[in-house]
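In what follows, a structure is listed as structure tokens, so that the remarks can point back to it.
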Amino acid sequence: MIRYFAAAAILKTFSINKFTRSTYRYLGNVFGQKKRRQQNIDVYVNRGDQLIQLIRKYDALKNGGAAVELGTGWIHWFGLYLVLNSESDVSLELYDVWDNRQLDALKSAFSKLASQWESDASINATQRAQLAFIQSVNSFEELYQYFNARYTINSDGSLACYSDASCNLITSFHVMEHINKNFIRESIGDMFRMLKPGGFCIHQIGIDDHLAHYDDKVSQKKYLQFSLAGRKFLFENIVQYHNVLQGEDYQRFFLDKGFEIIEINRERCDITELPVHADWKNYSHEDLETTVFTIVCRKPI
Ligand SMILES: C[S@@+](CC[C@H](N)C(=O)[O-])C[C@H]1O[C@@H](n2cnc3c(N)ncnc32)[C@H](O)[C@@H]1O
């Protein structure tokens with residue numbers, strides 16, 4: 001519990017002004033890279049496989065096309081995993097709100113994937129060559145050229161830079177919970193605009209309490225104990241902003257913008273012992289239990 005409150009206090013302090021926020025990002029890039037170089041990739045592989053299964057299940061990139069990864073992060077994992085596992089030509093748009101890329105961490109993660117693929121007979125020669133190339137690159141530019149990819153940063157989070165009906169798939173992993181609550185409808189509206197008719201959105205959203213990542217003794221949905229105003233006052237911060245929207249909110253937003261919801265998957269935790277505050281009473285029990293929410297939507301033809 002102490003770690004939970006300490007993390008909240010530290011993140012709030014880092015959020016005070018422009019200088020503290022840049023310090024947080026600088027430290028995150030320096031120390032984060034060290035940590036990420038040693039990181040176990042099992043969770044990444046598992047989530048990447050979930051993405052590939054969904055893409056194949058719905059033929060979302062059957063004839064290739066353009067895929068956009070929002071909040072691509074430090075190592076472009078999901079965009080590159082998608083291309084490595086794609087049976088047709090895909091052009092890749094990698095988008096973020098700040099430049100947190102870490103080439104060493106990226107190469108280290110994909111070299112761990114290469115070790116896992118060594119004994120996997122289902123991996124073909126092209127995939128092995130692509131993976132070998134990733135491990136050999138000296139710059140991001142080399143990587144983008146080889147994979148027909150572009151990297152875009154828009155610090156205001158706007159997707160206006162993408163043309164109407166220009167892509168077949170938009171995906172994100174553990175990103176949408178960080179989009180400002182007041183901006184998320186606009187963002188989903190832009191996704192609808194960017195997609196070609198019949199195009200898909202696949203988003204995995206961390207609905208869990210991110211402060212619990214620092215303290216494994218507290219519930220993964222601990223924020224439900226607090227009123228909305230109390231949580232905002234005590235715990236909300238800018239550097240690790242979390243909008244605490246629940247699955248039903250996302251479903252409503254996607255439907256309101258014209259999407260069809262095709263599939264929803266949930267990871268859950270037990271909240272029977274958690275004294276849930278009355279402010280959350282309008283959500284279903286299923287929603288309150290959800291820690292990771294995956295939604296697949298389609299723009300009607
Ligand atoms: C938890 S990280 C996940 C990174 C990456 N998807 C991964 O799983 O490795 C969240 C990412 O979302 C990005 N992000 C935050 N707000 C965003 C926004 N409004 N639009 C797009 N990306 C955003 C952050 O810069 C960061 O790269």
Side-chain angles (χ1 to χ4, degrees), residues 7 11 14-15 21-22 24-29 32-33 35-37 39-52 67-83 92-110 112-113 140 149-162 167 169-191 194 201-214 236-245 250 253 267 291-294:
L11 292 170
F14 272 124
S15 300
R21 291 197 287 275
S22 338
Y24 170 83
R25 290 184 167 170
Y26 172 76
L27 294 174
N29 271 353
Q33 168 127 269
K35 194 183 87 189
R36 272 180 210 102
R37 266 202 302 252
Q39 195 175 8
N40 180 304
I41 60 160
D42 291 351
V43 173
Y44 268 119
V45 172
N46 181 280
R47 288 177 182 164
D49 288 342
Q50 289 174 31
L51 173 64
I52 301 305
V68 182
E69 187 200 1
L70 301 177
T72 183
W74 314 279
I75 59 170
H76 298 324
W77 178 267
F78 295 97
L80 292 175
Y81 200 82
L82 184 163
V83 177
L92 199 55
E93 295 290 342
L94 302 163
Y95 176 92
D96 216 317
V97 291
W98 66 293
D99 187 355
N100 51 5
R101 294 171 300 169
Q102 298 171 354
L103 192 62
D104 284 351
L106 181 155
K107 287 165 71 169
S108 161
F110 283 94
K112 287 175 192 153
L113 182 64
F140 279 103
R150 274 153 305 280
Y151 180 58
T152 304
I153 299 178
N154 261 344
S155 56
D156 62 3
S158 163
L159 298 173
C161 53
Y162 295 114
C167 60
L169 170 74
I170 301 173
T171 189
S172 74
F173 276 73
H174 300 261
V175 173
M176 288 197 71
E177 69 270 28
H178 300 298
I179 299 179
N180 195 289
K181 211 173 183 157
N182 302 321
F183 183 66
I184 197 134
R185 289 178 190 79
E186 185 180 331
S187 194
I188 294 173
D190 267 322
M191 294 179 205
M194 290 156 61
C201 266
I202 302 176
H203 297 289
Q204 185 168 93
I205 310 166
I207 312 250
D208 58 327
D209 189 332
H210 285 26
L211 289 172
H213 298 179
Y214 300 96
E236 196 166 293
N237 64 77
I238 299 173
V239 293
Q240 283 190 19
Y241 172 80
H242 192 298
N243 59 33
V244 294
L245 293 166
Y250 288 104
F253 298 158
E267 288 172 30
T291 53
V292 178
F293 182 78
T294 306

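Note that the structure is predicted; figures quoted are calculated from it, not measured. Remember, it's 1-based here, ligands and their atoms both numbered in the order they're listed. In what follows, residues are counted from 1 in the order of the sequence shown.
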Protein N/O near ligand 1 N/O, under 3.5 Å, which pairs?
| residue | atom | partner | partner atom | Å |
| --- | --- | --- | --- | --- |
| ligand 1 | 6 (N) | G71 | O | 2.8 |
| ligand 1 | 6 (N) | F173 | O | 2.9 |
| ligand 1 | 9 (O) | Y44 | OH | 2.6 |
| ligand 1 | 25 (O) | D96 | OD1 | 2.5 |
| ligand 1 | 25 (O) | W98 | NE1 | 3.1 |
| ligand 1 | 27 (O) | D96 | OD1 | 3.4 |
| ligand 1 | 27 (O) | D96 | OD2 | 2.8 |
| ligand 1 | 27 (O) | N100 | ND2 | 3.1 |

Taking only residues two or more places apart in sequence or in another chain, which ones pass side-chain hydrogen bond (donor to acceptor under 3.5 Å, both in side chains) with N243? Y250
Would you kindly say whether E267 and T291 are connected by a side-chain donor-acceptor distance under 3.5 Å? no
Quick one: does W74's side chain have a donor or acceptor within less than 3.5 Å of a partner on A105's backbone? no
Donor-acceptor under 3.5 Å (H242 side chain, G206 main chain): yes
Return all side-chain donor-acceptor pairs below 3.5 angstrom for residues 152-159, not counting sequence neighbours, or 'none' if the list is empty.
| residue | atom | partner | partner atom | Å |
| --- | --- | --- | --- | --- |
| N154 | ND2 | S158 | O | 3.0 |
| D156 | OD1 | S158 | N | 3.0 |
| S158 | OG | A160 | N | 3.0 |

Among all residues two or more places apart in sequence or in another chain, which pass the salt bridge (charged side-chain N to carboxylate O under 4.0 Å, His left out) test with R150? E93
